[in-house]
Protein chains: 2
Amino acid sequence: MGRPSRRADALSRERIIAAAITILDTEGERALTFRTLAATLATGPGAIYWHVANKKELLAAATDALVAEATGAGPTRATPHERIRRVALGLFDTIDAHPWIGSQLSQEPWQLASMRIVEALGRPLDDLEVPAERHFHVVTALASYVLGAAAQNAANARHAPRDTDRDTALSAIARQWAELDEAEFPFVRRIAAQLPGHDDREQFLAGIDLVLGGITRE
Amino acid sequence: MGRPSRRADALSRERIIAAAITILDTEGERALTFRTLAATLATGPGAIYWHVANKKELLAAATDALVAEATGAGPTRATPHERIRRVALGLFDTIDAHPWIGSQLSQEPWQLASMRIVEALGRPLDDLEVPAERHFHVVTALASYVLGAAAQNAANARHAPRDTDRDTALSAIARQWAELDEAEFPFVRRIAAQLPGHDDREQFLAGIDLVLGGITRE
DNA sequence: ACCTGAACACCGTTCAAGT
DNA sequence: ACCTGAACACCGTTCAAGT
């Protein structure tokens with residue numbers, strides 16, 4: 001029931017956010033500028049400020065839009081465990097596709113997006129027979145793991161050289177790890193061999209299972 | 001055995017990093033500028049570039065210095081479980097005291113600081129009777145949780161209003177949560193009551209125990 | 001009500017010139 | 001070898017002026 005804009009190409013909060021997401025995804029975080037954004041929208045930088053308070057709010061809104069999509073809906077007839085895995089994996093994939101969300105989420109904590117994540121991860125806990133007093137506890141641990149893992153993965157995605165493929169990149173890091181000082185980094189040296197060939201999503205889900213294993217233990 | 005500087009107040013990488021940490025801690029991330037830093041060191045901005053490649057490297061070096069301190073040494077005669085808790089809590093406290101580390105760690109993944117964390121968290125795994133093939137797996141999960149939780153906590157610390165104390169701030173958020181739309185956020189509404197009065201460090205350690213519980217489960 | 005674009009107050013970084 | 005500081009190429013944000 002919103003009043004219609006006079007022109008189809010009129011500026012709007014939604015169009016600004018959509019354009020920002022496109023720039024962030026295709027050109028990277030550093031490329032998002034009020035000038036480039038204004039150029040994309042065929043207007044001046046000042047015009048954007050009529051619809052959006054500032055850059056921080058713009059980034060928060062862009063993050064929220066994608067997180068809302070990732071946590072929304074979902075077919076519900078599944079075990080609680082399975083539902084949590086589904087939400088977590090959805091978030092992982094969203095952050096992987098839009099790596100800039102990773103740094104965003106760990107910077108603005110009580111924002112709407114974080115609340116959506118807590119809600120989506122927490123709702124299945126009732127059916128998991130976790131006592132209500134522990135819900136806050138447990139959902140915090142789950143969310144911390146999900147956000148931490150996703151942020152790490154996003155950072156990796158951001159820093160991966162464009163021209164080399166994943167396997168050779170991982171092998172290069174593994175080789176680097178294997179050459180570390182034995183006295184200072186014995187553990188990292190030893191696990192270097194396990195680095196190439198691992199699957200990020202599998203690894204992520206294994207961590208979820210670890211946490212869930214701890215939850216349903218007693 | 002490094003050759004001595006001629007003047008005691010000569011610029012050096014160490015002095016620059018120390019000055020940067022002081023500014024970051026006392027004035028916040030936004031206040032760290034090559035100009036303010038240069039002013040603090042009584043020199044011009046260009047001088048800093050002789051010792052440090054750029055701002056990114058400076059932040060990485062500052063982070064590494066503090067993480068090295070947090071993960072270094074530690075009395076060793078304790079159970080593996082206890083050693084992991086100790087390392088994790090040390091990191092938590094360090095990030096709590098220097099919140100800017102939080103965002104730093106989730107932005108530069110394969111940097112030295114992350115490797116120190118992996119090493120410190122992973123070394124006790126041998127004695128925890130975790131099979132070697134799972135070490136990479138398990139240490140990744142632990143590190144993700146630690147970094148995620150610490151980043152969240154750091155973000156909270158950064159955004160807390162200066163003049164209000166913790167209790168009233170938490171109560172305000174709890175009230176806000178309790179007023180959310182029941183249809184959209186039933187879970188968050190319900191756990192709102194558990195928000196005030198919780199202890200961040202306890203909550204953090206409980207999460208560690210959850211993950212460790214999952215590890216030693218089978 | 002909404003848009004324009006010049007202008008303000010900054011940044012990180014470079015570089016010729018000094019010692 | 002190391003330092004100086006002006007200058008370059010940008011930023012986010014504001015605001016008088018327009019429609």
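Here is the naming used below: chain letters follow the sequence lines, and residue numbers restart at 1 for every chain. It should be emphasised that the depicted structure is a prediction, and the values quoted were computed from it without experimental measurement.
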With A:F204 via ring-ring contact (aromatic ring centres under 6.0 Å, His included) - residues at least two apart: A:F92, A:Y145
Those residues that, when tested against B:F187, pass ring-ring contact (aromatic ring centres under 6.0 Å, His included) (two or more places apart): A:H135
Base-pair map of DNA chain D as dot-bracket, where | denotes pairing with a different strand and pairs are Watson-Crick or G-U under 3.5 Å: ||.|||||...|||||.||
Non-hydrogen atoms of B:P124 and B:A120 that approach each other most closely: CD-O, 3.4 Å
Sequence-distant partners of [X], side chain to side chain contact (heavy atoms under 4.5 Å, CB included), two or more places apart:
X      : result
B:L170 : B:R166, B:L195, B:H198
A:R13  : A:I17, A:V52, A:E57, A:A61
A:P186 : A:E182, A:R190, B:E119, B:R123

Of all pairs that satisfy ring pair (Phe, Tyr, Trp, His ring centres under 6.0 Å), the ones with a partner from residues 32-64 of chain A, not counting sequence neighbours: A:F34-A:Y49
Residue-phosphate contact under 4.0 Å: A:W50 side-chain N/O, C:dC2 OP1/OP2: yes
Nearest-Å distance for atom pair CZ/C1', residues A:R13 and C:dA1: 17 Å
Protein proximity profile, nucleotides 6-19 of chain C - base contact B, sugar-phosphate-only contact S, no contact -, cut-off 4.0 Å on heavy atoms: -B---BBBBB----
Pairs touching residues 89-99 of chain A that satisfy salt bridge (Lys or Arg N to Asp or Glu O under 4.0 Å), sequence neighbours left out: A:D93-A:R201
